[in-house]
Amino acid sequence: MTATKRLVLTAVNIALCLVLPMAFHSIPNGGKIMLPMHIPVLLCGMVCGAPYGAVCGLLGPMLSSVLTGMPTAALMPAMMVECAAYGLTTGLMLRLVRTGKTYADLYLSLVAAMLVGRLVSGVTKALFFMAGQYIMQAWIAASFVTALPGIVLQLAVVPSIVYYLMRAGLIPQRYPR
């Protein structure tokens, strides 16, 4: 895939970082429950690669905060770090994981990124953004319990989108025949 195509797809995913949260925030606590900004960041990392995914993860929350007020300015820095970790890790893992099965590669990369992003989020909040106030129970509740519907949505949607983009010839096949 050319660098120009990667830049365009990254820009599309950054735009989705603005649009998807607006749709989900019409539901009470929809952002915290459904994690709509994570989807385009994870997609960008898988489709465009680690550096593009990281940039999408940094710029998506920042632009969304500036243009829509979501996330709030207080939450934006922590979310930028978390989303950058998602985008970076999906791209790195998809480059490293080679099982011979496209769906297995996609799921392994996605799950690894979801875990790394949540760990990075918890550590940065505990050490920097909410030092002395962020406890393990709050991290577990926010990252796994409240976010469970969003986790299920990501697992259901992200690998299938990437797989069908490959099948349609819009992005390179993982294992060409």
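Side chains are part of it too, since the values below use all heavy atoms of this structure and drop only hydrogens, waters and symmetry mates.
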What's the shortest heavy-atom distance between Arg174 and Arg98, and which atoms? O-NH1, 3.5 Å
So if you build clusters from Ile, Leu, Val, Met, Phe, Trp, Tyr with side-chain heavy-atom gaps below 4.5 Å, do Val47 and Val158 land together? yes
Do Tyr134 and Val123 have side chains that approach each other closer than 4.5 Å (heavy atoms only, starting at C-beta)? no
At their closest point, which heavy atom of Leu88 faces which heavy atom of Ala50, and how far apart are they? O-CB, 3.5 Å
Taking Thr146 for the side chain and Ala142 for the main chain, is one N or O donor matched with an acceptor at less than 3.5 Å? no
Using modelled atom types only, decide if a donor and an acceptor are shared between the side chain of Thr124 and the backbone of Ala78 within a distance under 3.5 Å. no
Got more than 12 heavy atoms from elsewhere within 6.0 Å of CZ, Phe128? no
Using 0.5 Å steps for rounding, measure from the CG atom of Leu42 to the SG atom of Cys83. 8.0 Å
Any side-chain heavy atom of Pro40 sitting closer than 4.5 Å to one from Cys17? yes
Any donor-acceptor pair under 3.5 Å linking the side chain of Ser26 with the backbone of Ala23? yes
Where is the tightest heavy-atom contact between Met34 and Pro149, given as atom of each residue plus distance? SD-CB, 3.6 Å
Could you check if a side-chain atom of Thr99 sits within less than 4.5 angstrom of a side-chain atom of Leu108, using non-hydrogen atoms only? yes
Side-chain heavy atoms nearer than 4.5 Å, only ILVMFWY residues, links allowed to pass through others: does that put Ile33 and Val41 together? yes
When rounded to the nearest 0.5 angstrom, what is the spacing between CZ in Arg118 and CD1 in Ile140? 13.0 Å
Is Met62 linked to Leu67 within one hydrophobic cluster, defined over Ile, Leu, Val, Met, Phe, Trp and Tyr using a side-chain heavy-atom separation of less than 4.5 Å? yes
Any non-hydrogen side-chain atom of Leu153 less than 4.5 Å from a side-chain atom of Ile39? yes
Contact summary for Pro71 and Ser65, nearest pair of heavy atoms: O-OG, 2.8 Å
Donor-acceptor check, side chain of Tyr107 to backbone of Leu155, threshold 3.5 angstrom: yes or no? yes
If you measure from CD on Glu82 to OG on Ser143, what distance do you get to the nearest 0.5 Å? 6.5 Å
Show, in sequence, the C-alpha distance, side-chain angles and deciding distance for Val116 and Met93, and conclude whether the side chain to side chain contact (heavy atoms under 4.5 Å, CB included) test is met. CA-CA 11 Å; Val116 168; Met93 290 302 296; over 6 Å; no
Contact check, side chains of Thr90 and Leu94, non-hydrogen atoms, under 4.5 Å: no
Output for pair (Leu96 CG, Thr89 OG1), nearest 0.5 Å, gives 10.5 Å
Side chains of Met1 and Leu9 in contact at under 4.5 Å (non-hydrogen atoms): yes
If you group Ile, Leu, Val, Met, Phe, Trp and Tyr by side-chain heavy-atom gaps below 4.5 Å, do Leu148 and Leu35 land in one group? no
Please work out which of the three classes, parallel, tilted or perpendicular, describes the rings of His38 and Tyr86, given edges at 30° and 60°. tilted
Check whether more than 12 heavy atoms from other residues, nucleotides or ligands sit under 6.0 Å from atom NZ of Lys5, and answer yes or no. yes
Give the minimum heavy-atom separation between Pro21 and Pro36, together with the two atoms involved. CA-CG, 3.6 Å
Can you tell me how far CD of Gln154 sits from CG of Leu43, rounded to the nearest 0.5 angstrom? 9.5 Å
Should Val152 and Phe24 be counted in the same cluster of Ile, Leu, Val, Met, Phe, Trp and Tyr side chains packed under 4.5 Å apart? no
If we count only N and O atoms by modelled type, under 3.5 Å, do the side chains of Tyr52 and Asn13 hold a donor and an acceptor together? no
Supply the atom-to-atom distance Leu110 CG to Leu106 CG, rounded to the nearest 0.5 angstrom. 8.5 Å
Side-chain touch Thr68/His25, heavy atoms, less than 4.5 angstrom: no
Less than 4.5 Å apart, side chain to side chain, heavy atoms only: is that true for Val81 and Phe129? yes
Please give me the minimum heavy-atom distance between Cys56 and Cys44, naming the atom from each residue. CB-SG, 3.7 Å
